[in-house]
Amino acid sequence: MVTASPTHAAGVAASVAPILELKKLDKRFTGTHALKAVDLAFLPGEVHAIVGENGAGKSTLIKLLTGVHVRTAGDILWQGQSAHIATPHDAIALGINAVHQEVVLCPHLTVAANLFLGDEEVKYGMLRHRAMVRDAQKILDEIGFNLPAGAMLGSLTIGQQQLVATARAATRGTKFLIFDEPTAYLTRQEAAQLFALIRRLKAKGVTIVYISHRLEEVFDLADRVSILRDGELVSTERIEDTNEEKLIRGMINRSIEQIFHKDVVPFGKPILEARHLTGRGFEDVSLTVREGEIVGLYGLIGAGRSEFVLSLFGREPASSGEILWQGRPVKIHNERDALKLGIALAPESRRDQGLCLNMPVGFNINLPIFKRLTRGILIAGGQETAAAEQQIRDLRIKTASRFANASSLSGGNQQKIVIGKWLNHGAKLFIFDEPTVGVDVGTKAEIYRLMGTLLKQGAGIILISSYLPEVYELSDTLHVFRRGHLSASHGHKAASHEEVLTQAIGV
Amino acid sequence: MSSTQTEAKPASRRKLHIPFGLTLVLLLVLLFVLLSIFTDSFMTERNIPNLARQGSMIAILALGETFVIITAGIDLSVGAVVGFTSVIVAWLLTNDVPIWASVLITLAIGLGIGCFHAFGIVKMGLPPFIITLATLTSLRGIGLLLTNGATISITNDSFTNFSRNDLLNSLFGIDISPFDIPNLFAMVVLVAIPAWLFLSHSRWGRYLFAVGSNAEAARLSGVSVVRTTYLAYILSSVCAAFVGLLLASRIGIGNATQAEGWELQAIASSVIGGTSLFGAVGSWHGPLLGAFILATINNGANLLNVNSFWQRIITGGLIIVIVYFDQLRRRKR
């Protein structure tokens with residue numbers, strides 16, 4: 001199948017009529033022109049990648065195709081005929097489905113129940129639970145997903161839930177399937193299962209729209225790639241006619257010499273030393289973070305990285321071992337202990353853990369420092385405004401104002417708040433858990449620069465990432481986790497990608 | 001994102017924010033105008049102070065309730081706390097405890113009840129609905145048990161006179177009777193000013209919103225969710241105990257079955273005032289306006305001789321209409 005794909009698409013591009021065509025598609029929101037007269041054609045059986053920075057209009061495009069929003073002007077042609085897609089139901093009826101970045105399923109139902117949600121097997125008005133689990137398992141096995149159909153969805157990892165959502169979208173007579181950052185939370189194996197499914201769907205003639213910030217995936221999967229920038233279509237090219245350089249230049253319209261911008265900062269005294277820490281999910285972990293140092297933690301999901309840092313943050317204290325903070329032993333029982341010492345955590349999930357979404361941007365930025373902004377018993381309004389405005393300016397957060405709700409911002413800008421709110425706090429050790437998931441190249445570079453600023457202020461950073469190039473390029477010291485243990489430690493770029501991967505997987 | 005948009009947005013937000021409060025004020029004014037036109041007995045020196053007294057107690061109750069609702073919680077016990085504390089203060093006064101001590105003890109009991117609610121939520125992991133439902137029934141039981149079901153009459157005249165008197169008269173002895181501010185209404189102001197400072201200008205007020213919006217994010221940002229929860233439920237119960245004092249003063253008795261259903265009126269007032277039951281949305285002025293709108297409607301219905309059964313139906317319909325319009329307004333944003 002892999003070998004067949006490029007020729008297939010190239011041949012098709014000339015002759016076959018597009019399944020879906022955008023004609024001068026336009027979308028305006030109050031104050032924003034999100035999509036500007038985009039012309040684009042999708043062919044049957046192609047994998048069409050769409051790349052662009054956050055806020056380039058990718059999400060808006062998806063929402064127009066899936067009936068979440070309705071276009072302002074232009075037309076959407078489905079198999080040559082003007083299609084009226086006003087509700088998600090309209091889209092599904094045509095055969096357009098989407099797998100979203102965040103899983104939108106019911107965690108309290110089984111995998112099978114989620115798979116058949118809205119389309120249940122019924123006999124005499126009663127649900128046929130067992131039959132559904134059996135059929136679901138058959139479907140999952142068939143498409144090559146290693147998932148238990150009878151398990152509660154909520155008991156699975158986010159990656160597995162993502163696969164369930166994919167299976168659901170792929171098995172409902174879909175002709176047109178949109179993936180929005182599908183691999184953000186997947187392990188390598190899960191990603192491989194997903195890619196295999198995409199290739200099979202493609203072979204069956206399903207059109208795939210693939211949106212990802214991971215360009216290597218785009219080159220791995222796509223037949224054609226379109227670049228969006230500021231709501232406009234920059235180009236559509238066959239994948240063999242382009243390269244990473246060209247894509248990045250098209251996306252940001254400025255050449256970035258280095259995405260993985262790394263400031264070299266001389267190391268200072270140790271900030272935190274963990275000695276033989278053991279807790280739930282990790283065993284005998286020892287490491288040191290010094291001033292000006294980025295300590296990277298790499299490992300597969302479930303290898304114990306997140307559990308380890310959460311124990312440092314007092315979430316679930318370690319059962320044995322010792323933590324030294326600036327040279328003296330400390331006990332960290334809860335988050336407040338950690339914050340009092342000067343440990344700040346930018347959590348993995350900005351929606352669930354990072355932001356008060358329905359509160360204003362300024363509120364979120366200042367949340368950790370309201371205490372410091374308090375004069376007597378009341379908050380000094382002027383200082384509050386100044387602190388918020390300064391952060392919005394310094395971090396270049398794209399927001400209508402500091403009064404806009406955090407939910408109105410794009411993912412990258414939300415992430416800037418999650419990290420930026422600690423800049424005024426004066427913490428000494430920063431834990432970044434997957435700081436660039438679902439964030440575009442431009443914002444990534446800004447987040448890396450932000451880390452450099454922190455380092456220069458004498459802070460230390462623990463960086464967790466499932467994205468190897470990121471931890472690899474940025475870490476001064478890279479620790480590899482495997483099944484709860486540290487399996488290896490390296491200096492800056494001291495080992496090759498392959499070595500690190502091998503140590504993480506443990507072949 | 002253009003700079004014009006950046007400048008335009010704050011203004012539009014302010015435009016959106018104030019009108020809801022303003023709409024409520026206009027609604028209240030409209031009710032006053034209509035009732036003055038269609039009844040002879042509304043704009044009278046007897047009725048207006050009476051209305052002010054009626055609305056005041058629910059207003060204070062609703063304000064306390066709002067703190068809890070902002071944290072995405074609910075306090076069903078406030079009506080029972082009112083009844084219970086009316087028994088306590090009546091009992092204390094008949095046993096010759098001085099007024100100041102009786103007031104402090106009663107408020108302290110309110111504080112204790114709030115602590116118990118927060119303890120149940122934080123330490124025992126009970127949903128707010130359940131723990132406050134439990135105290136709703138059991139507090140009335142305890143109150144009845146203490147008095148053996150009897151009503152305690154309060155014979156302390158200076159205590160009972162308080163709620164019948166007006167502000168200037170009781171402070172300076174100036175008698176301008178129908179134009180003076182009833183003491184009960186003055187109590188609303190007494191509670192509202194610190195509530196405004198607390199909710200809009202203190203970090204603890206912000207923490208209520210943070211916990212209501214996303215408790216996990218608040219915790220990771222160094223907000224003590226435990227303390228914030230204690231604070232919210234304590235404020236609610238202390239407000240309720242305070243209303244218990246006012247009620248005991250107004251009707252001159254302590255009885256655990258008093259204030260039946262007031263918790264629902266308090267929640268309704270709060271919601272009419274723009275508070276969201278999903279948390280993180282609410283103001284200090286909304287519940288006050290909501291309470292007086294409800295009080296005016298009930299008062300007007302009485303004067304118009306509307307069947308009291310109909311009053312309940314009207315109240316229900318009003319809740320739906322106002323909250324629906326608020327919802328429309330939010331969706332537009």
For [X] against [Y], the heavy-atom pair lying closest together:
X	Y	answer
A210(B)	L367(A)	CB-CD1, 3.8 Å
N214(B)	Q353(A)	ND2-N, 4.1 Å
F370(A)	R206(B)	CE2-NH1, 3.4 Å
A217(B)	G354(A)	CB-C, 3.7 Å

Tell me, side chain or backbone of [X] under 4.5 Å from chain B's heavy atoms, or both, or neither?
X	result
K340(A)	neither
D352(A)	backbone
I379(A)	both
L355(A)	backbone

Quick check for you: to the nearest 0.5 Å, what is the distance between [X] atom [atom1] and [Y] atom [atom2]?
X	Y	atom1	atom2	answer
I377(A)	R203(B)	CD1	CZ	11.0 Å
I369(A)	S221(B)	CD1	OG	11.0 Å
N364(A)	S213(B)	CG	OG	7.0 Å
F209(B)	N358(A)	CZ	CG	10.0 Å

query = Is there side-chain contact between L220(B) and F313(A), with at least one heavy-atom pair below 4.5 Å?
reply =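 SC-SC contact between L220(B) and F313(A) confirmed.
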query = Do H201(B) and E384(A) have side chains that get closer than 4.5 Å, going by heavy atoms?
reply =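 No - every pair of side-chain heavy atoms lies 4.5 Å or more apart.
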query = Got more than 12 heavy atoms from elsewhere within 6.0 Å of CZ, R372(A)?
reply =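 Check passes, neighbour count above 12.
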inquiry  = A quick test of your reading: do over 12 heavy atoms of other residues, nucleotides or ligands sit less than 6.0 Å from CZ of F116(B)?
reply    =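 At most 12 heavy atoms, drawn from other residues, nucleotides or ligands, come within 6.0 Å of this atom.
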key: Greatest number of heavy atom pairs closer than 4.5 Å to chain B - which of P347(A), A380(A), S408(A), C356(A)   =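 Of P347(A), A380(A), S408(A), C356(A), C356(A) has the most heavy-atom pairs under 4.5 Å with chain B.
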key: chain A contact via F278(B) - side chain, backbone, both or neither, heavy atoms under 4.5 Å   =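 Contact with chain A involves no heavy atom of F278(B) at all.
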